[in-house]
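Structure first, commentary second.
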Amino acid sequence: MAKMMKNWLTDIVNDSLVKIGIEDAASRIRVEVPPNRDFGDFSTNAAMVCAKSAKTAPRKLAEKLTEELEKNQAVEKTEIAGPGFINIFLKSEFYTQKLLEILNAEKGADYFKYNIGKNEKVQIEFVSANPTGPLTVGHGRQAIIGDILSSVYKRFGYQITREYYFNDAGKQMKKLSRSLWVRYNELFGIENEIPEGGYHGDYIIDLAKDFREEVGEKYKNIWNEQADADCLAKAKDEMFDHIKNTLKTLGIVFDVYFSEGSLFTDGTVDKVKAYFTDNDLVYESDGALWLKVSQFIDEKDKVLIRSDGMPTYFFTDIANHYKKRERGFRKVFDIWGADHHGHIPRMKAAMKALGIEDDFFNVILHQMVSLKKGGEIVKMSTRAGTFTTLDELVEMVGKDATRYFYAMVDKDAQLIFDIDLAKSQSMENPVYYVQYAHARICSLIENAERKGIAFKRGENLEKLGSRADNLMIRDLLLYVDSLYEMISTNSPHKLTNYIHDIAAMFHQYYNSNVFVNPEDAQTSNARLNLAIGVRTVIADALSLIGVDAPQKMEQI
RNA sequence: GCGCCUAUAGCUCAAUCGGAUAGAGCAUUGGAUUUCUAAUCCAAAGGCUGGGGGUUCGAUUCCCUCUGGGCGCACCA
């Protein structure tokens, strides 16, 4: 199992601090990568942070600290800079030893594991679109965020369930079946109105044609319960197949598709209602049942059951989360678009009302996605049928670019997807930059074999040791750190940033170092080992992002 | 009116719980043994980090305020 480099070094720095008589600094000191590679391999702010309590000038304290630090076996030398930064250089032997660990790992994934989750059951719920139409580019964003986070949480030892929550009963589904029926009848020249809030999209027309093939004229001008049920079944099944297929093209498979309806049939909804009633958390007013959320947060009370007897979305979602807790999850993450953020406080209030632990319910919010076409931002609406679907997007730019592009933008920033750009210029997409680094290394190995240099894993590493070698390995060692940083902020873009940097480092290294030199087989082999270390990290990162790591790049 | 997110190079975005000279890609300009695959590399140019205050050794980051953009404020989901 890999160590997190920064933590490991922070411990070393802290040990040194303790030895010079400074305790309790562990939580405040940090080890970072300096902004300029010439400064050092790592740097720490320890002397600056501790100066006040030690009643010593930062640089003076730094002198004492570096003396202690240099006693460590891994440390080559230290330097004091600026207001009191301590820059640390580690020994080449340390780096080659670490490279060996990466190389000797039978599978990269095992070496890069870091078990902090302790097999805790965690659920990540995302997409969760009702089967009323194709997925939009907005759904795509949470599909990718959810999928990548799931993979990385798994890597950190959590038992992850990828869950899709859907409602295939309610009011919207009724409108869906009626919309289909209207379109079906149009095929016979019979005009009816698509219901208010119904579905106008072209995909309904396609469905209608299919439906006519299947049932002929059976429901021509006939609307009854049977027609409703058949239209609903047709629309729902087709839409769900379609959605699942879209997700599959993006490489996403859910562990559980959870039906909202089951919360009613298995008694969960009744149970939650009884709990609220018993604990005096609800009251009736205007014929509706209200939850006293105002007891918990600064908001007005909310309706659980409408005056017509139908439960609200709020209520079923409370039941959904109650059920999640009952199903044994210790923690859940819901990935929601920013348009749902108003829902968060009241859900938290409901969790409190139910006596569920504060850290159980978590929302990962992402900002909205819009499309740019012909230089203009396109507004999208599922119900009006004016949107670009996720399929269309994947079709245009491909799975890898779609995933990478969604992942690389901070979830808190709005994502504007420029369709024309994605279509016209593949060079625009940084995914190729990373993939190319991987392919380049593959071809290096091939080339070495052609020139009679048989690759020997883990040998000749003593030939490494240049500054460039050390820094390349240092960056590889920061991989697990970057994964950890990613899940501690739930931000997939940290990973794409990291791996882009690795690719850049490698491309630079490649241009100034010869890998395959028949006249110096030993150095060649050492560098090939380094290259394979890089490839291992890139391949692993790309697999977490869900992007292919090609052996060869097609030339443009 | 209230709440959440956001504002960084011409464009799309980074910047490690407050750190050193704010970095990449694309676009522009000039270069790289006709290659270990040039989807690469090197260099130049491009910034009062939306405006103004504050906190401290130090602010793109934290606080206040103003302005612009997105999204919410239902007996919709």
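A note on names: the letters A, B, ... follow the listed sequences, proteins ahead of strands, and every chain is numbered from 1.
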Assess, by modelled atom type and distance only, whether the side chains of A/Y509 and A/D469 contain a donor and an acceptor separated by less than 3.5 Å. yes
In terms of the nearest nucleotide of RNA chain B, which residue is placed more toward the 5' end: A/D301 or A/I416? A/I416
For the residue pair A/H341 and A/W336, is the inter-centroid distance of their aromatic rings smaller than 6.0 Å? no
Sort out the partner of B/C2 for me: Watson-Crick or G-U wobble, both distances under 3.5 Å, none otherwise. B/G72
Would you say that more than 12 heavy atoms from the other residues, nucleotides or ligands in this model lie under 6.0 Å from the NZ of A/K292, or not? yes
For the side chain of A/N36, counting heavy atoms from C-beta on, which of B/U21, B/A14, B/A77 is nearest? B/U21
Tell me which nucleotide among B/A24, B/A20, B/U40 gets nearest to the side chain of A/H500. B/A24
Under 5.5 Å and under 30°: A/Y510 stacked on B/C36: yes
Closest to the side chain of A/V303, out of B/C75, B/A20, B/U16, is B/C75
Phosphate OP1/OP2 of B/A24 contacted by A/Y498 side-chain N/O (<4.0 Å): no
Check this one for me: any side-chain N or O of A/Q435 less than 4.0 Å away from OP1 or OP2 of B/A39? no
Atom pair CD/CD1 of A/Q295 and A/I297 - distance to nearest 0.5 Å: 11.5 Å
Counting only Watson-Crick pairs (N1-N3 plus N6-O4 or O6-N4) and G-U wobbles (N1-O2, O6-N3), all under 3.5 Å, who is the partner of B/G30? B/C42
Measure the distance between the ring centre of A/F85 and the centre of the six-membered base ring of B/A20, then answer whether it is under 5.5 Å with planes under 30°. yes
Between A/I305 and A/G82, which is nearer to the 5' end of RNA chain B once each is assigned its nearest nucleotide? A/G82
Residue-phosphate contact under 4.0 Å: A/H493 side-chain N/O, B/A15 OP1/OP2: yes
